[in-house]
Amino acid sequence: MSSVSHESAKAALEAAEARFIANNPLSKKQHELAIGALPGGNTRTLLHTSPFPLTMKQGKGAHVWDEDGHKYLDLVGELTAGLYGHTNPIIRETMLSTFDNVGLSLGSTTVQEHKHASLLCSRFKLKRVRMANTGTEANMHALAGARHYTSRRKVIVFSGGYHGAVFSFPNGKAAPNTVDKDDFVVVARYNDIGLAVDTIRSTPDLAAVLVEPMQGAGGCIPGSKEFLHAIQDAAHEVGALFILDEVMTSRLAPHGLGFELGLKPDLVTMGKYLGGGLAFGAFGGREEVMAVYDPRVEGSLAHSGTFNNNTLVTSVGYEALKRVFTEEACVELNERGDGLRERLKQVTKGTKIMFSGRGSLIGVHFVDEAVEVFTCGEDIQGKERRDLRDLFWFEMLEAGYWTTRRGFVALILETEEKELEGFVEAVGKFAERHRDIMAL
């Protein structure tokens with residue numbers, strides 16, 4: 001790309017940021033207040049954006065409003081957890097009914113935890129399941145169970161993989177806050193069958209292979225069916241467990257993406273939307289593996305968590321999955337997502353904008369070179385344009401679309417088709433408006 005085009009991109013970005021500051025004085029003021037109590041002004045790093053983050057005031061249906069009164073179509077979808085939108089009537093009814101007729105935090109086992117667990121087992125083809133509070137916890141307990149079951153320590157993961165707040169592996173290495181860092185072996189390329197199988201076969205003391213069937217935080221990069229089956233087979237060949245992280249992807253098919261692809265994992269981890277909008281995680285799988293958490297068995301592992309079986313989340317999660325995100329609703333939403341992705345590709349043809357993903361989850365990328373398909377983050381490493389990505393984010397806000405700055409879209413069930421068409425139109429206008437810096 002020419003230096004003139006780089007200068008044009010810089011000027012466009014500076015102008016967009018200046019408009020953002022001018023248009024959002026109340027969000028700016030709230031951020032300045034928040035830094036007096038919270039390091040950096042928030043308690044969730046992902047939500048920080050410079051020069052300051054927007055502060056949202058309200059959500060209704062598939063829309064959110066910020067403190068300055070701007071309305072947005074919510075395409076963040078709480079990073080897949082906001083599947084049901086912000087004011088689903090069935091969820092509201094269940095919350096009130098639980099509060100009035102059951103109560104919160106009973107400090108005991110309840111009928112409701114069994115009902116929710118049974119539905120999860122039936123829907124996602126699990127023999128046994130246990131519940132937690134987050135996807136991070138689900139992966140933590142799954143890994144502890146795998147290590148106990150195999151009496152081994154090492155775990156193979158993949159570059160670009162994200163398995164929770166303390167299990168992140170960007171750019172081929174463990175993030176600084178990754179726990180048990182020395183126990184992880186990071187395969188340098190996702191979707192590379194030969195490299196993955198060789199690493200699995202050559203790693204001693206291997207307890208498990210942990211993988212997302214589509215990398216989420218890593219850029220919405222789907223794993224090929226051949227790749228996922230190959231590493232599943234290789235794991236079993238060496239006596240390791242195959243753990244499928246479906247915290248984000250269980251919403252991509254009626255019984256989870258793994259089942260759709262014909263996989264038979266030893267353990268599956270889940271979370272996000274399965275709490276119906278409340279904090280939730282779960283892990284489950286083969287009966288004999290899950291027995292490591294059976295308190296009736298001598299030598300079993302403890303699985304603690306004050307809110308694991310909280311009456312509110314088990315009630316809301318159950319009703320939402322049973323009555324709202326039915327198998328039919330799942331198919332329809334993901335078909336809409338696939339259609340949206342194709343329309344976005346069409347209006348940005350010949351530009352630096354690329355779209356990846358599957359179903360209702362979409363990744364947005366900006367690269368200097370034409371790349372038809374990429375199978376791992378390393379395929380576009382060094383080619384991505386952060387300045388163009390930031391410009392897109394600022395200008396989509398101006399157009400009324402709330403997306404993540406890193407380029408991630410998660411559809412909400414209540415989003416109307418005409419609103420998605422509006423987003424396609426806004427993206428097309430963006431590409432046309434900045435043809436001088438977006439054209440390949």
Side-chain angles (χ1 to χ4, degrees), residues 43-46 79-81 113 116-117 120 124 126 128-158 160-170 173-187 205-213 215-218 235 240-250 256 258 265-275 278-286 289-295 297 299-310 313-314 317:
T43 191
R44 187 178 172 196
T45 302
L46 173 71
L79 284 299
T80 75
E113 70 185 279
H116 193 28
L120 291 172
F124 298 107
L126 308 171
R128 297 289 186 274
V129 70
R130 274 185 164 256
M131 292 174 277
N133 298 283
T134 63
T136 301
E137 283 188 18
N139 279 310
M140 177 183 72
H141 290 302
L143 290 174
R147 286 166 172 151
H148 188 78
Y149 183 80
T150 62
S151 299
R152 301 175 182 177
R153 287 294 308 173
K154 297 293 185 181
V155 175
I156 284 178
V157 291
F158 295 84
Y162 180 85
H163 304 286
V166 292
F167 301 111
S168 182
F169 305 92
K173 58 185 178 182
N177 66 337
T178 298
V179 298
D180 296 326
K181 196 179 298 186
D182 293 339
D183 286 330
F184 290 99
V185 177
V186 186
V187 178
D205 196 33
L206 183 61
V209 176
L210 174 61
V211 67
E212 300 158 273
Q215 291 193 330
L241 297 189
F242 179 64
I243 305 177
L244 198 63
D245 182 339
E246 291 238 50
V247 172
M248 280 192 170
T249 61
S250 68
D266 301 293
L267 291 172
V268 176
T269 57
M270 298 180 293
K272 298 292 189 184
Y273 72 97
L274 288 168
L278 302 174
F280 185 76
F283 62 102
R286 288 168 45 200
V289 176
M290 289 299 293
V292 301
Y293 282 109
D294 186 337
V297 176
S300 63
L301 295 175
H303 171 215
S304 302
T306 302
F307 293 97
N308 288 351
N309 67 334
N310 180 269
V313 71
T314 53

Inset, instruction - Return the minimal non-hydrogen interatomic distance between Ala235 and Val209, and the atom names on each side. - result: CB-CG2, 3.8 Å
Legend entry - Spacing of CZ belonging to Arg147 relative to CG belonging to Leu301, to within rounding of 0.5 Å: 11.5 Å
Inset, instruction - Flag yes if more than 12 heavy atoms outside Tyr293 fall under 6.0 Å of its OH atom; otherwise flag no. - result: yes
Inset, instruction - List the atom of Ala146, the atom of Thr150, and the distance in Å for their closest heavy-atom pair. - result: O-OG1, 2.8 Å
Inset, instruction - Output, in order, the C-alpha distance, side-chain angles, deciding distance and verdict of ring pair (Phe, Tyr, Trp, His ring centres under 6.0 Å) for Phe184 and His163. - result: CA-CA 12 Å; Phe184 290 99; His163 304 286; 8.3 Å; no
Inset, instruction - Please say whether more than 12 non-hydrogen atoms of neighbouring residues, nucleotides or ligands are located less than 6.0 Å from NZ in Lys173. - result: no
Legend entry - Straight-line distance of Arg153 CZ to Leu143 CG, nearest 0.5 Å: 9.5 Å
Inset, instruction - For residues Thr136 and Phe167, report the shortest heavy-atom separation together with the two atoms involved. - result: O-CE1, 3.9 Å
Inset, instruction - Step by step, work out the side chain to side chain contact (heavy atoms under 4.5 Å, CB included) result for Thr269 and Leu244. - result: CA-CA 6 Å; Thr269 57; Leu244 198 63; over 6 Å; no
Legend entry - Distance-minimising heavy-atom pair for Gly145 and Val292: CA-CG2, 3.8 Å
Legend entry - Closest contact, heavy atoms only, Ala282 versus Ala138: O-CB, 3.3 Å
Legend entry - Value rounded to 0.5 Å, distance of CG in Leu206 from NZ in Lys154: 10.0 Å
Inset, instruction - Verify, without hydrogens or angle tests, whether Glu246 (side chain) and Gly258 (backbone) share a donor-acceptor contact under 3.5 angstrom. - result: yes
Legend entry - Working for side chain to side chain contact (heavy atoms under 4.5 Å, CB included), residues Ile243 and Val155: CA-CA 10 Å; Ile243 305 177; Val155 175; over 6 Å; no
Legend entry - Qualifying residues under side-chain contact (heavy atoms from CB on, under 4.5 Å), relative to Val313, sequence neighbours excluded: Leu278, Phe280, Asn310
Inset, instruction - For the pair Glu212 (side chain) and Tyr162 (backbone), establish whether a donor and an acceptor sit closer than 3.5 Å, ignoring hydrogens and angles. - result: yes
Inset, instruction - Output yes when a side-chain donor or acceptor of Asn177 lies under 3.5 Å from a complementary backbone atom of Ala165, and no otherwise. - result: yes
Legend entry - Polar side-chain atom of Thr134 near backbone of Glu137 as donor-acceptor pair, under 3.5 Å: yes
Inset, instruction - Please assess Phe283 against Arg130 for the test side chain to side chain contact (heavy atoms under 4.5 Å, CB included), listing each intermediate value before the final yes or no. - result: CA-CA 6 Å; Phe283 62 102; Arg130 274 185 164 256; 3.7 Å; yes
Inset, instruction - Output the distance between atom CG (Asn133) and atom CG (Asn308), rounded to the nearest 0.5 Å. - result: 5.0 Å
Legend entry - Evaluation steps, side chain to side chain contact (heavy atoms under 4.5 Å, CB included), between Leu274 and Phe124: CA-CA 12 Å; Leu274 288 168; Phe124 298 107; 3.9 Å; yes
Inset, instruction - To the nearest 0.5 Å, tell me how far Leu267 CG sits from His141 NE2. - result: 12.5 Å
Inset, instruction - Inspect the contact between Arg286 and Asp266 and indicate whether a charged nitrogen and a carboxylate oxygen are less than 4.0 angstrom apart. - result: yes
Inset, instruction - List the atom of Met290, the atom of Gly285, and the distance in Å for their closest heavy-atom pair. - result: CG-N, 3.7 Å
Inset, instruction - With rounding to the nearest 0.5 Å, note down the distance linking CG in Leu120 to CZ in Arg128. - result: 14.0 Å
